[in-house]
Amino acid sequence: MFSYPSGDRLHIGHWYNYGPADSWARFKKMQGYTIFEPMGFDSFGLPAENYAIKHGVHPAKSTRSNIDFITGQLNQIGAMYDWDHAIETSSPQYYKWTQWLFLTLFKHDLAYQSEAPVNWCESCGTVLANEQVHEGHCERCENPVIRKEMKQWFFRITSFADELLAGLDHLDWPEKTRKLQTNWIGRSEGTHITFKIKGSDEIDVFTTRPDTLYGVTYVVFAPEHPLVEKVASDEQWADVSEYITLTRSRNEIERTSTEREKTGVFTGAYVIHPLTGAELPIWIADYVLASYGTGIVMAVPAHDERDFEFARKFDLPVRVVITQPGTFLDPSLMETAFTEPGVMVNSSEFNGLPSSEGGRLVTEHLARLGSGEQAVTYRLRDWLISRQRYWGAPIPIIHCESCGPVPVPEEELPVLLPEDVDFRPRGKAPLATNKQFMAATCPQCGEAGRRDPDTMDTFVCSSWYYLRYLSPNLEDKPWDPELVKRWLPVAQYVGGSEHATMHLLYARFIARALHSLGLLHFQEPFTRLVHQGIITRDGDKMSKSRGNIVSPDDFLTRYGSDVFRMYMMFMGDYGEGGDWSDTGITGIERFRNRVWRAVGEWYQPEVAPAAAELPKETNRILHYTIQQVTRDIEQFSFNTALSRLMELVNEIYRVVQLPENSRPATAGLNFLLTRLVQLVAPFAPHLGEELWQQLGHETSIFAETWPTCDEQALQVEEQTIVIQINGKVRDSISVPVDIDQKELEQIVLQRERVQQHLSGKQLQKLIVVPGKLVSLVVKS
RNA sequence: GCGAGAGUGGCGGAAUUGGCAGACGCGCCAGAUUUAGGAUCUGGUGUCCUAUGGACGUGGGGGUUCAAAUCCCCCCUUUCGCACCA
């Protein structure tokens with residue numbers, strides 16, 4: 001587990017994450033597993049820094065006090081955290097190794113600096129990774145993001161795109177999350193096709209539809225494409241440069257809105273079609289993205305929605321080259337593009353071929369001519385990791401006039417984050433204002449250089465923390481390979497689904513990168529993943545602006561943490577979350593009290609518990625409960641596990657109120673209560689320990705073995721068989737489990753109610769489902 | 001627009017190799033206990049009707065089947081993710 005101390009206290013989401021996860025771990029511990037349940041703080045980063053700015057304190061200070069306060073709260077959860085292994089990503093002992101990670105990637109060409117259009121958030125005053133932009137808005141502050149050309153640091157996550165994709169198949173992760181990552185990586189297969197610009201260079205386009213090549217009527221460059229300036233004709237240059245300026249001024253939402261009408265201008269240049277030799281005009285338009293594919297699109301208006309819209313607006317020709325077999329498409333009458341696969345027409349020797357085969361042949365043909373080849377493109381971009389903010393790990397690079405970017409030697413790590421910095425955001429890296437920090441000599445040539453003023457994205461810190469948990473105080477290495485071999489990868493990871501395309505993708509990438517360098521024995525960091533859902537209030541997400549926050553502290557004071565965490569587990573499916581109800585928690589409070597009272601009133605310490613003294617039926621219910629609860633906790637179905645425990649408690653209350661002669665013997669009841677306490681303990685650890693002591697034990701209940709289900713005890717002698725007539729339940733009977741089928745049929749047919757329904761009618765069919773029901777079909 | 005999930009009593013939710021729909025809990029009703037309130041214990045509680053029986057019932061409509069919340073087709077609502085990705 002890893003807390004993010006961006007605020008000053010734990011909210012209900014933290015509890016929902018940590019409480020049930022701890023119950024699962026306690027259950028596993030009782031099952032005999034060795035459990036390591038660490039807790040630490042992801043204490044660098046924008047939210048922590050913004051909190052500090054808002055409260056007018058230094059982030060080092062506010063982070064410290066937040067961590068201290070939250071640690072106290074975490075202790076209330078009653079989890080098995082191993083505080084000796086706690087880490088803080090903002091401590092030099094930790095970020096020394098985050099910097100080491102950066103340098104390791106840099107030395108293997110997996111980190112690089114590049115001038116590129118990046119996402120810039122005005123209000124945060126920093127660039128953001130693609131993953132941190134949602135619908136054109138900053139993920140954190142929700143202000144619009146603009147495009148800016150900047151030199152930034154990137155991690156080469158795209159080199160691992162295929163691996164990251166393939167690795168998903170072997171993970172025990174939610175289907176949804178794997179799908180999300182699959183879509184985010186966005187692999188698409190197609191063809192690179194080379195077009196010659198008339199009187200100039202050659203350019204490549206990427207297309208997934210080589211079968212439509214004969215339908216290209218123009219080509220579109222992204223406005224930012226570096227060649228635009230070169231190819232634009234003198235007559236068109238004024239228009240072109242005006243359009244480029246206009247594009248730059250637009251923010252991402254304006255620009256990428258699909259609602260917006262398409263815009264663009266003609267460049268005055270032409271390309272030559274590689275197969276027909278036709279001259280096709282080159283346009284620029286902002287519907288083409290510079291960062292995807294080659295930044296240039298071959299436009300096929302007849303078979304692509306966007307190209308069609310553009311062509312209609314600017315009166316460009318539409319040429320049909322794919323049809324459904326036996327039909328005819330008139331370009332002048334089309335109201336929308338025909339985007340389905342079909343059969344090639346107007347395509348010279350390829351006519352009559354279906355799309356898929358035709359596309360393949362066109363690609364092969366182009367390859368022979370040297371004007372094309374198969375290609376794969378990804379939606380995934382390299383991970384932009386530099387931030388123009390203060391509260392993060394400094395990038396351990398010294399920029400030298402003559403040597404370029406030079407890594408800080410490992411023995412000089414960490415590059416300490418200076419405390420004396422004006423960190424208020426103003427669109428420039430705050431560290432750049434600290435002369436003392438910036439001044440450095442080049443480790444390579446000894447000349448004066450300057451430090452990199454940027455800090456790393458917090459997601460870099462959290463991409464490897466699980467490795468550090470094992471040996472947080474190790475001084476000469478980031479992690480201990482022996483311990484890593486013994487404990488990792490993580491057997492069970494629990495966290496929010498909001499991390500699907502950020503943390504969980506980054507951590508996978510880092511593990512794979514380190515594995516490829518021979519530094520880790522595994523490729524995937526988190527073998528099994530479960531997401532907790534979101535707890536809502538009145539159907540809405542809790543937020544300050546809605547004023548519907550449920551404060552854990554209030555409920556803790558009133559009910560205690562056992563009841564609080566059990567209620568969260570009882571509310572609904574763990575992965576779905578649920579809607580908080582102030583009254584619903586009383587059910588759990590009663591449950592806890594009933595368990596407490598049952599032990600207090602009916603357990604008699606002077607009598608040794610004895611399973612044999614339990615009535616058969618009660619024993620069966622006990623073992624059924626053990627079986628179900630074990631299965632349910634295993635798969636994080638805490639709500640049904642608690643239901644089963646409630647049923648067991650109800651059974652206990654029932655049997656103790658039976659008349660003296662049919663009540664279970666004290667030894668049997670003692671046994672039943674002992675088991676109950678063990679089964680409840682992972683859900684309510686405080687109650688579990690307390691009752692265990694009352695039962696006369698001096699050691700922790702979590703050192704006990706989890707009860708196992710005796711299959712024998714589950715056996716019953718009689719079972720209820722339902723009788724259906726024409727699909728409706730008309731009767732039910734109790735029969736021996738080993739009853740002969742013929743005998744059962746006889747009994748069924750003799751039943752009075754069956755006779756009633758049969759009289760004057762004809763039995764057409766009789767179906768026996770052993771152990772469940774007998775279904776009769778009758779007709780008059 | 002594309003992708004994934006969800007829709008079951010007054011409420012939260014169970015039940016998925018098709019086999020008694022509504023487990024468990026909240027709320028509500030009744031009884032017991034109590035001077036009273038609270039707490040506790042017991043029983044009841046899907047809807048409707050001509051009521052020891054019967055009809056209907058899992059977003060809507062159709063289908064397969066002896067049997068459908070569950071499988072198939074169409075539609076509606078809703079949540080989440082992506083969104084001009086060529």
Side-chain angles (χ1 to χ4, degrees), chain A residues 134-136 174-184 186-188 190-191 205-209 212 220 222 255-260 262 285-289 291-300 303-307 309-310 339 377-381 497-498 500-501 533-534 536 539 541 567 570-573 575-588 590-591 593-594 597 628 637 639-647 649-650 653-654 657 720-732 753 764-778:
Chain A
H134 291 291
E135 297 178 8
E175 180 65 34
K176 196 174 169 167
T177 308
R178 294 190 317 198
K179 202 106 198 174
L180 227 61
Q181 290 209 349
T182 304
N183 293 342
W184 190 262
R187 181 190 156 99
S188 87
T191 308
V205 303
F206 174 75
T207 180
T208 52
R209 292 291 302 273
T212 64
V220 195
R255 174 160 173 191
T256 56
S257 163
T258 40
E259 313 287 293
R260 203 177 118 239
K262 300 244 175 317
D286 63 6
Y287 80 91
V288 174
L289 308 173
S291 50
Y292 184 75
T294 63
I296 307 172
V297 165
M298 64 174 218
V300 186
H303 307 293
D304 182 280
E305 220 43 83
R306 299 148 300 179
D307 299 341
E309 203 189 310
F310 192 79
T339 57
T377 297
Y378 301 91
R379 212 189 78 102
L380 182 71
R381 310 288 149 77
S497 57
E498 70 274 13
T501 56
I534 293 173
T536 54
K541 229 174 162 166
Y567 176 55
F570 186 65
M571 278 170 50
D573 184 275
E576 302 277 319
D579 201 54
W580 180 270
S581 143
D582 287 355
T583 52
I585 196 171
T586 62
I588 293 291
R590 279 177 203 156
F591 169 68
N593 293 345
R594 275 163 75 84
R597 231 177 302 121
Q628 296 294 306
S637 299
N639 54 339
T640 47
L642 281 164
S643 298
R644 292 290 96 81
L645 287 173
M646 287 173 179
E647 284 172 328
V649 170
N650 290 346
Y653 274 69
R654 190 184 68 83
Q657 288 177 44
T720 305
I721 299 288
V722 166
I723 301 168
Q724 289 186 351
I725 296 165
N726 287 345
K728 295 203 190 315
V729 180
R730 295 300 181 190
D731 201 1
S732 71
R753 302 222 44 213
Q764 288 211 312
K765 213 172 184 181
L766 191 149
I767 299 148
V768 177
V769 182
K772 295 223 164 111
L773 56 73
V774 176
S775 184
L776 294 87
V777 186
V778 297

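Labels below follow one simple rule: chain letters A, B, ... track the order of the sequence lines, proteins then strands, and each chain is numbered from 1. Just so it is clear, the model here is predicted, and its values are computed rather than measured.
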Report yes if some heavy atom in the side chain of [X] is under 4.5 Å from a heavy atom in the side chain of [Y]; otherwise report no.
{"X": "A:Arg381", "Y": "A:Ser291", "value": "yes"}
{"X": "A:Glu305", "Y": "A:Thr339", "value": "yes"}
{"X": "A:Trp184", "Y": "A:Lys179", "value": "no"}
{"X": "A:Val649", "Y": "A:Phe591", "value": "yes"}

Rounded to whole angstroms, how far apart are [atom1] on [X] and [atom2] on [N]?
{"X": "A:Gln181", "N": "B:A4", "atom1": "CD", "atom2": "C1'", "answer": "15 Å"}
{"X": "A:Leu773", "N": "B:A21", "atom1": "CG", "atom2": "P", "answer": "10 Å"}
{"X": "A:Phe310", "N": "B:A86", "atom1": "CZ", "atom2": "P", "answer": "18 Å"}
{"X": "A:Ile534", "N": "B:C80", "atom1": "CD1", "atom2": "C1'", "answer": "9 Å"}
{"X": "A:Phe591", "N": "B:G12", "atom1": "CZ", "atom2": "P", "answer": "22 Å"}
{"X": "A:Lys728", "N": "B:G53", "atom1": "NZ", "atom2": "C1'", "answer": "15 Å"}

Does [N] have OP1 or OP2 under 4.0 Å away from a side-chain N or O of [X]?
{"X": "A:Gln657", "N": "B:U42", "result": "yes"}
{"X": "A:Arg597", "N": "B:A39", "result": "no"}
{"X": "A:Arg379", "N": "B:A83", "result": "yes"}
{"X": "A:Thr720", "N": "B:C20", "result": "no"}
{"X": "A:Asn639", "N": "B:A14", "result": "yes"}
{"X": "A:Asn650", "N": "B:G25", "result": "yes"}
{"X": "A:Lys176", "N": "B:G5", "result": "no"}

Give [X] one of three labels, base, sugar-phosphate or nothing, depending on what nucleic acid heavy atoms sit under 4.0 Å from its own.
{"X": "A:Arg730", "result": "sugar-phosphate"}
{"X": "A:Arg644", "result": "base"}
{"X": "A:Ser775", "result": "base"}
{"X": "A:Ile767", "result": "base"}
{"X": "A:Ser291", "result": "nothing"}
{"X": "A:Thr586", "result": "sugar-phosphate"}
{"X": "A:Gln764", "result": "nothing"}
{"X": "A:Thr208", "result": "sugar-phosphate"}
{"X": "A:Asn593", "result": "nothing"}
{"X": "A:Val297", "result": "base"}
{"X": "A:Arg187", "result": "nothing"}
{"X": "A:Glu647", "result": "sugar-phosphate"}
{"X": "A:Arg178", "result": "nothing"}

Roughly how many Å apart are [M] and [N], using the [atom1] atom of each and rounding to a whole number?
{"N": "B:G37", "M": "B:U33", "atom1": "P", "answer": "13 Å"}
{"N": "B:G60", "M": "B:A68", "atom1": "P", "answer": "15 Å"}
{"N": "B:A39", "M": "B:A6", "atom1": "P", "answer": "38 Å"}
{"N": "B:G9", "M": "B:G44", "atom1": "P", "answer": "22 Å"}
{"N": "B:C29", "M": "B:G46", "atom1": "C1'", "answer": "16 Å"}
{"N": "B:G19", "M": "B:C71", "atom1": "P", "answer": "11 Å"}
{"N": "B:U8", "M": "B:U58", "atom1": "C1'", "answer": "4 Å"}
{"N": "B:G13", "M": "B:G22", "atom1": "C1'", "answer": "10 Å"}

Nearest atoms (heavy-atom pairs only) where [X] meets [Y]:
{"X": "A:Asp307", "Y": "A:Asp304", "answer": "N-OD1, 3.0 Å"}
{"X": "A:Leu180", "Y": "A:Ala500", "answer": "CD2-CB, 3.4 Å"}
{"X": "A:Asp582", "Y": "A:Ile585", "answer": "O-CG2, 3.2 Å"}

Applying a 3.5 Å limit to both distances, which nucleotide forms a Watson-Crick or G-U wobble pair with [N]?
{"N": "B:A68", "result": "none"}
{"N": "B:U50", "result": "none"}
{"N": "B:A39", "result": "none"}
{"N": "B:G27", "result": "B:U45"}
{"N": "B:A15", "result": "none"}
{"N": "B:G1", "result": "B:C82"}

Selected nucleotide, minimal atom distance to [X] side chain, candidates [options]:
{"X": "A:Arg590", "options": "B:U40, B:A86, B:A14", "result": "B:U40"}
{"X": "A:Asp573", "options": "B:A14, B:G27, B:C84", "result": "B:A14"}
{"X": "A:Ser643", "options": "B:C84, B:C24, B:C20", "result": "B:C24"}
{"X": "A:Trp184", "options": "B:A4, B:U42, B:C82", "result": "B:C82"}
{"X": "A:Gln724", "options": "B:G19, B:U42, B:G3", "result": "B:G19"}
{"X": "A:Lys262", "options": "B:A14, B:G3, B:C84", "result": "B:C84"}
{"X": "A:Arg753", "options": "B:G54, B:A55, B:U42", "result": "B:G54"}
{"X": "A:Val769", "options": "B:C56, B:G19, B:C84", "result": "B:G19"}

A:Tyr287 six-ring face occupied by A:Lys262 cation (under 6.0 Å, within 45°) | yes
Measure from NZ or CZ of A:Arg594 to the centre of the six-membered ring of A:Tyr653, then state whether that distance is under 6.0 Å and the direction lies within 45° of the axis.
-> yes
For A:Tyr378 and for A:Asn183, find the nucleotide of RNA chain B with the closest heavy atom, then tell me which residue's nucleotide is more 5'.
->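 Mapping each residue to its closest nucleotide by heavy atoms, the 5'-most match is A:Asn183.
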Given RNA chain B, 5'-ward residue of the pair A:Ile588 and A:Gly577, judged by closest heavy atom |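 Result of the comparison: A:Gly577.
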Give a yes or no on whether a donor-acceptor pair under 3.5 Å exists between the nucleobase atoms of B:C20, that is its base, and the side chain of A:Lys772.
->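 Donor-acceptor pair under 3.5 Å: no.
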Is there a donor and acceptor pair closer than 3.5 Å between the side chain of A:Glu305 and the base of B:G1?
->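 No, no donor-acceptor pair under 3.5 Å.
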With syn meaning chi within 90° of zero and anything else anti, the base of B:G9 is syn
Hey, can you tell me if A:Trp580 and A:Tyr567 have their rings parallel, tilted or perpendicular (30° and 60° cut-offs)?
->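 Rings of A:Trp580 and A:Tyr567: perpendicular, as their planes differ by over 60°.
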